[in-house]
Every structure is written in structure tokens, then in C-alpha cells.
Amino acid sequence: MEGRVIKTTGSWYAVQTPKGLLKARLRGKFKQEELKLTNPIAVGDYVLLAKEKDQETAVISDILPRENYIIRKSTRKHHFSHILASNIDQAFLMVTVRNPRTSLGFIDRFLVSTESFRIPASILVNKVETLSKEKDLEYKELIREIYEPLGYPVLELSALSDPNLTERFIPLLKEKTTLIAGHSGVGKSTLLNRLVPAASQVTQEVSKFSSKGVHTTTFAEMFPLGKEEGYLIDTPGIKEFGILDIGEQELSHYFVEMRAYLGQCKYNNCTHVNEPGCKVIEQLEAGYIHPYRYESYLKILDEEDSHR
Ligand SMILES: Nc1nc2c(ncn2[C@@H]2O[C@H](COP(=O)(O)OP(=O)(O)OP(=O)(O)O)[C@@H](O)[C@H]2O)c(=O)[nH]1
Ligand SMILES: [Mg+2]
Ligand SMILES: [Zn+2]
């Protein structure tokens with residue numbers, strides 16, 4: 001039978017099937033040929049599984065091909081990646097101006113990974129009710145100025161205090177699998193709890209046992225939206241997104257504002273760094289490409305280069 005992984009906790013997987021939720025484990029080891037992964041199965045995966053003799057647990061025998069996925073760099077193993085979630089319809093990157101501050105470079109890395117699969121992405125600027133300093137408000141506006149013209153919706157919110165979150169967000173989530181990602185502490189689970197009351201119980205239960213009173217998400221988990229079709233995937237906070245092996249000429253394809261000019265540079269193997277007759281550099285100098293975005297482009301190019 002076929003099912004979808006909605007939760008992983010290391011060795012066990014919760015799989016939603018037509019016959020209900022099953023607790024499943026993996027049979028043997030899977031070969032992951034194209035990627036060096038620390039997790040063979042991720043939330044969002046469609047899998048084939050069969051019930052075991054006891055009828056209470058199941059064994060996963062295969063993973064169906066992933067339409068897409070978002071990865072982060074493994075914190076433990078160098079050159080390894082960890083799939084946050086797979087088969088998603090859209091991604092929300094939650095960012096904050098302070099406590100913690102999200103950098104533009106982090107946002108751009110995320111957008112490269114969503115663009116590489118053409119996953120629609122939005123930027124959620126959370127905790128806006130805490131911002132009053134001129135500098136902070138300017139940073140918030142900078143985020144809007146950079147990303148909105150590129151086609152990424154920038155949504156400001158206060159997951160803690162906005163009264164109308166359900167009315168605002170549920171229509172965006174309907175009939176879709178949505179991933180929420182971002183640094184630790186930006187408020188991903190807080191938003192989830194507001195939108196999916198069933199999830200809130202889970203979190204409250206856990207936080208009762210937590211001495212800090214704050215529950216840091218440690219495993220990705222997918223929550224059904226209830227009567228609205230659709231799923232919301234809460235993910236653990238991450239420091240850095242991974243990027244699949246992207247060639248140096250390929251990277252510019254994932255910067256939407258550069259895409260339009262590709263093929264117009266003098267050299268067809270242009271990397272848009274310092275080549276003469278580069279259309280991208282020309283557009284940058286004319287003010288049509290944001291300097292911060294170009295800075296991120298160079299940084300990612302450089303980092304990926306050092307991995308080759
Ligand atoms: N002031 C303010 N605080 C918020 C808001 N949203 C969340 N917080 C607080 O930020 C802290 C972290 O929130 P979480 O929802 O646990 O953050 P998270 O992104 O899930 O963090 P990880 O699970 O570690 O990745 C909590 O103390 C929340 O109460 C907000 O809109 N305004
Ligand atoms: Mg969380
Ligand atoms: Zn060029």
C-alpha cells in the first residue's frame with residue numbers, strides 16, 4: 001500500500017495511509033545515489049509499505065520518486081545534507097529583523113534552493129510588533145524592496161499577537177503542502193499552533209516537560225489542516241540551507257532577475273563575475289539588479305566553487 005510520511009523521529013516513521021496512520025520502520029538500507037544524505041526518508045515522502053504480522057506496525061519497502069525537496073547542510077557530517085521535507089507545493093521562509101536577525105544572504109540561499117525546483121516561495125516577516133527602532137524598520141522595508149519586485153510575496157505578521165491569522169493564512173494554504181522554514185526562534189511553531197489547533201496540543205504537552213518553557217522543534221512534522229485540504233510542515237530551525245550541486249553557469253538561472261538576461265552576455269559560458277560584455281553586470285550597473293542580491297550571487301558562487 002502507498003502512504004505519505006508525516007513525521008520522522010530517527011528510526012520510526014509516522015505514515016498516513018488510506019487505512020489510517022501507521023507506525024513504520026525501514027527495511028534494510030536504501031541506496032541514495034545522487035545525494036549524500038543523513039536521512040534516507042523525509043517528511044513528505046510517498047512510500048510503499050506493508051503491515052507487519054502484528055498488524056500494528058508496518059515496514060517501508062520503497063520511496064516513490066521525489067518531485068522536489070529542500071535540504072539543509074548537515075550539522076554533524078561534512079559534505080552531507082539533510083532533507084527537511086519533500087514533495088511540497090510552496091515554501092514559506094519565516095524571517096525576523098531581531099531576535100534573531102535573518103540575513104539577506106540566508107534568504108537568497110533559500111530562494112536558490114526553491115527556484116532550482118520552481119517551488120513558489122513567500123517571505124514571512126514575523127514579530128513585526130516588536131519593531132520600533134528606525135534601523136529595524138529600515139531593514140524590514142529593505143526586505144520588502146528587494147523581494148517583492150522579484151515576485152516573492154513579503155508578508156508581515158505577528159504570530160503571537162495578530163488576531164486574524166487564520167483568515168489571512170488558511171486561504172493561502174488550502175489544498176497545498178506548505179513548508180515553513182527559517183532560523184531557530186523566528187516563530188514557525190507559534191504560527192503553526194495558531195493555524196492548526198490540533199498541533200498546539202502536541203507542543204503544549206512537550207513544553208510541559210521542557211525546563212526552558214520553550215519548545216524547540218527537533219524533527220520536521222507535517223500537520224493536516226483539518227477540514228481544509230492541505231498540510232503545513234513545521235521544520236526545525238536551521239543555520240544554513242544546502243544547495244544541490246549547481247554548476248557555476250547554472251546558478252544565475254536561480255536568480256529570477258538574472259534569468260531574463262541569460263544568453264545575452266558576450267561569452268556563452270559567462271559566470272557574470274568580471275567577464276567583458278556581461279549583460280548581468282550591465283544591468284547591475286544600470287540599477288536593475290539589486291546590489292545585495294548580486295553580492296549573494298557572488299558569495300554562493302564562491303562557496304559552491306570551494307566545494308568542487
Ligand atoms: N514578540 C513576538 N514573539 C514571538 C512571535 N512569534 C513567536 N514569538 C516567540 O519567539 C519564540 C520562538 O518561537 P517558536 O515558535 O518556538 O520558534 P521556532 O521558529 O519554531 O523555533 P525552532 O523550533 O527552534 O526552529 C517564542 O518565545 C515565541 O513566543 C511574535 O510574533 N512576536
Ligand atoms: Mg519550532
Ligand atoms: Zn554575464
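Residues: numbered from 1 along the sequence shown. When a ligand or atom number is given, it counts from 1 through the structure's own listing order. Note that the coordinates shown come from a computational prediction; the quantities given were computed from them, not determined experimentally.
- The only member of V59, T57, T17 that meets side chain to side chain contact (heavy atoms under 4.5 Å, CB included) when paired with L22 is T17.
- Listed by chain and number, the protein atoms of type N/O/S under 2.8 Å from the Mg ion (ligand 2) are S189 OG, T217 OG1; waters are omitted.
- Ligand-side atoms of ligand 1 in range of T130: 1 (N), range being under 4.0 angstrom from any heavy atom.
- The distance from ligand 1 to the heavy atoms of T216 drops below 4.0 Å at these ligand atoms: 23 (O), 24 (O).
- Around the Zn ion (ligand 3), the protein atoms of type N, O or S found under 2.8 Å away are C265 SG, C270 SG, H272 ND1, C278 SG, listed by chain and number.
- For ligand 1, the atoms lying closer than 4.0 Å to a non-hydrogen atom of T190 are 6 (N), 7 (C), 13 (O), 14 (P), 15 (O), 28 (C).
- Using a 3.5 Å distance cut-off with no hydrogens or angles, the side chains of H82 and T38 do pair a donor with an acceptor.
- Salt-bridge check for E229 with K174: failed, with every basic side-chain N at 4.0 Å or more from each acidic carboxylate O.
- Ionic pairing of E138 and K135 is not present here: no N-O contact between side-chain nitrogen and carboxylate oxygen is shorter than 4.0 angstrom.
- When V125, L131, L160, N99 are checked for heavy-atom proximity to atom 29 (O) of ligand 1, L160 turns out nearest.
- Close N/O approach between S189 and ligand 1 is found [any backbone or side-chain N/O within under 3.5 Å].
- Side-chain contact of S86 with D45: a donor-acceptor pair under 3.5 Å is present, judged by distance alone.
- When heavy-atom distances to ligand 1 are checked against a 4.0 Å cut-off, N193 has no atom that comes that close, whether in backbone or side chain.
- Checked against the 6.0 Å centroid threshold, Y231 and F223 do not count as a close aromatic pair.
- In summary, D136 and R101 engage in a salt bridge, as defined by a charged side-chain N under 4.0 Å from a carboxylate O.
- Looking at ligand 1, you won't find any N or O of D234 less than 3.5 Å from one of its N or O atoms.
- Y13 and Y46 end up in different hydrophobic clusters when Ile, Leu, Val, Met, Phe, Trp and Tyr side chains are linked at under 4.5 Å.
- A donor-acceptor pair shorter than 3.5 Å can be found between the side chains of Y261 and Q283.
- Residues K140 and E145 are not paired through a salt bridge, judged by the lack of any N-O separation under 4.0 Å between the basic side chain and the carboxylate.
- When G185, G187, A181, A159 are ranked by how near their heavy atoms come to atom 21 (O) of ligand 1, first place goes to G185.
- Proximity of R98 to K133: side-chain heavy atoms (C-beta onward) are separated by under 4.5 Å at one or more points.
- Heavy-atom contacts of G237 reach the following atoms of ligand 1: 25 (O) (cutoff under 4.0 Å).
- Annotation: K127 places an N or O atom under 3.5 Å from an N or O atom of ligand 1; distance criterion only.
- Ionic pairing of E56 and K23 is not present here: no N-O contact between side-chain nitrogen and carboxylate oxygen is shorter than 4.0 angstrom.
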field: side chain to side chain contact (heavy atoms under 4.5 Å, CB included) between L191 and L124, intermediate numbers included
entry: CA-CA 10 Å; L191 178 64; L124 272 52; 3.8 Å; yes

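- Assignment of P236 to the shell around ligand 1 is supported, since a heavy atom sits closer than 4.0 Å.
- Contacts with ligand 1 closer than 4.0 Å are made by side-chain heavy atoms of E129 only, the backbone lying farther away.
- A centroid separation of 6.0 Å or more is found between the aromatic rings of F255 and Y294.
- Each of L49 and L64 belongs to its own hydrophobic cluster when Ile, Leu, Val, Met, Phe, Trp and Tyr are linked at side-chain heavy-atom distances under 4.5 angstrom.
- S116 and S113 share no side-chain donor-acceptor pair at under 3.5 Å.
- The shortest N or O to N or O distance between T235 and ligand 1 is not under 3.5 Å.
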